[in-house]
Amino acid sequence: MSLFNFGALNSFLGRGSASITVPTLDGAFRPNDVLESAAVFAEIPSADTLAFANGRFLLSAGNQVLELKENSAQAIATFDSAITAFAANDDSFAVGLESGEVVVVGGDHDGTRFTDAEGKSLKCPTALYFKGDRLIVADGSDRTAPDDWARDLLERNSRGRVISFDLASGQQNLLASGVAYANGLAETVAGGIVVSQSWRHCISPTNNLREDASLCHNLPGYPSRISAAPDGGYWLAIFGMRTQLIEFILRENKYRKEMLDNVPPEYWIAPSLVSREHFLDPMQQGAVKQLGIKKPWAPPRSYGLVAKLDRDFRPQYSLHSRVGGICHGVTSALEVDGTLYVVAKGAGQVLTIDLATVEKEIVQ
């Protein structure tokens, strides 16, 4: 460590971890309106995570798993609590529930259930990934439930973990702990597992969570689920955007504590999946309307963003719904046969995008 690079000096100079700067939306993250102008495939208020397996297009929504078809959505499974994580593989699928339980449905391991790992209960299952007979589970935090993610951010927690469950033997293996909100899983070309760390704005290998070892870092927003693309790359859902105000609040411990203790959650200075246009909403002055129009470059409370990554997790281009739009709070994106399906959870919509057309328009 350099003599001039330590916590107290960084705090005094406002640099390093004490800086409140955020990445600009440029280069691969240059704004557009692709998500906002996309066709709506389905309107499902509680839509969350997409999966495609065995010729079926599946979606978790509320406490149900739905099979989506051209003009219909049929429930194929219903659970006692809301589904917070979802993955499918061949003739089976797995769900993580708000209750902290992980359940496998169908296939050779039908009925397998997990409620704890390494002697600690599952608190916040956010993402699942099948790897052969193993099920990889992202447990976002051991302090907050999935719906309370804004509190986890404002408390600056780094208490997530990634666990591998052997579905045949029941053996458990802790792959990572101390994750700054584990929120997405994917497999590298070499067969390793990576996890999106929402509060560190990066994608990291599970064997090294340090930000300087991440495969994709300093993202402009909070990364969520990751899905493999047919070309060997990945699609990354980003459910909320960073702003200078939020970065500033995260460094003001006394203010944050008083806000968490005394202000209703809907009015916290924090990202949101949807902007409600209420006069008490924070950050409204940054997004004030001019001539009746909310400026698309205003500081966002909510935003819609999907990033295309190459096989080395380097951003290639991105699809946006800007501040003035409604297709916000993207939690899942999945490519099937040249079409990208995107869940805008804030809008309660599943969107479809023809990638050949989009790449001609925005990729240079």
Side-chain angles (χ1 to χ4, degrees), residues 25 28-51 57 59-62 66 68 71 73 86 149-150 183-184 196 198 219-227 229 234-243 266 270-278 281 283-284 286-287 289 293-309 315 317-336 338-359 361-363:
L25 292 178
F29 289 99
R30 184 175 56 188
N32 53 59
D33 292 309
V34 171
L35 292 184
E36 193 61 30
S37 59
V40 177
F41 181 72
E43 298 244 14
I44 302 173
S46 52
D48 187 33
T49 308
L50 295 162
F57 194 41
L59 171 72
S60 66
L66 308 175
L68 299 183
N71 296 305
F86 179 58
W149 55 265
N183 205 9
S196 61
S198 293
L219 290 162
Y222 305 101
S224 184
R225 279 64 177 259
I226 312 167
S227 68
Y234 304 88
W235 289 101
L236 175 65
I238 296 178
F239 70 88
M241 297 295 283
R242 301 163 64 186
T243 67
E266 59 267 30
S272 174
L273 298 181
V274 60
S275 294
R276 298 179 301 111
E277 300 289 341
H278 192 276
D281 278 353
M283 296 186 286
Q284 60 181 340
K289 291 182 179 180
I293 301 173
K294 181 181 282 189
K295 298 306 181 183
W297 55 83
R301 177 116 199 263
S302 64
Y303 199 89
L305 181 58
V306 178
K308 176 64 166 64
L309 312 177
Y317 63 90
S318 54
L319 313 176
H320 299 241
S321 173
R322 294 189 282 177
V323 172
I326 63 169
C327 299
H328 294 175
V330 174
T331 55
S332 180
L334 181 67
E335 182 181 348
V336 179
T339 298
L340 183 67
Y341 296 84
V342 177
V343 174
K345 188 171 184 177
Q349 296 178 342
V350 180
L351 312 173
T352 60
I353 299 157
D354 180 71
L355 289 174
T357 302
V358 165
E359 290 180 355
E361 294 177 352
I362 69 172
V363 180

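Remember, it's a predicted structure, so these values are computed and weren't measured experimentally. What's counted below: heavy atoms across the whole structure, side chains too, no hydrogens, waters or symmetry copies.
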Side chains of [X] and [Y]: does their closest heavy-atom pair fall under 4.5 Å?
X	Y	result
Ser227	Glu335	no
Leu340	Leu319	yes
Arg225	Asn183	yes

* Asked: Any chance the rings of Trp149 and Phe239 have centres within less than 6.0 Å?
  ->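 Between Phe239 and Trp149, which both carry aromatic rings, the centre distance is below 6.0 Å.
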
Enter the distance from [X]:[atom1] to [Y]:[atom2] here, rounded to the nearest 0.5 Å.
X	Y	atom1	atom2	value
Asn32	Glu361	CG	CD	9.0 Å
Leu309	Tyr234	CG	OH	9.0 Å
Ile353	Glu359	CD1	CD	11.0 Å
Lys345	Ile44	NZ	CD1	13.0 Å
Leu305	Cys327	CG	SG	13.0 Å
Leu351	Tyr341	CG	OH	11.5 Å

Name of the residue among Leu59, Leu334, Val306, Asp48 meeting side chain to side chain contact (heavy atoms under 4.5 Å, CB included) with Val343: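 Between Val343 and the candidates, side chain to side chain contact (heavy atoms under 4.5 Å, CB included) is satisfied uniquely by Leu59.
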
**Asked** Ignoring hydrogens and geometry, is there a side-chain-to-backbone donor-acceptor pair from Thr352 to Phe41 under 3.5 Å?
**Response** no

>> Does the plane of the ring in Tyr303 sit parallel, tilted or perpendicular to the ring in His328? Use 30° and 60° as the thresholds.
In response: parallel

- Verify side chain to side chain contact (heavy atoms under 4.5 Å, CB included) between Leu50 and Val336, making sure each step is shown before the conclusion. CA-CA 11 Å; Leu50 295 162; Val336 179; over 6 Å; no

Mind listing the closest non-hydrogen atom pair of [X] and [Y] along with its distance?
X	Y	answer
Arg301	Glu266	NH2-O, 3.1 Å
Phe29	His320	O-CE1, 3.3 Å
Arg322	Pro31	CD-CB, 3.7 Å
Ile326	Ser321	N-OG, 3.8 Å
Ser196	Ser224	OG-O, 2.8 Å
Ser272	Ser302	O-CB, 3.2 Å

Q: I would like to know whether Leu25 and Met241 meet side chain to side chain contact (heavy atoms under 4.5 Å, CB included); could you show each step before the answer?
A: CA-CA 10 Å; Leu25 292 178; Met241 297 295 283; 3.6 Å; yes

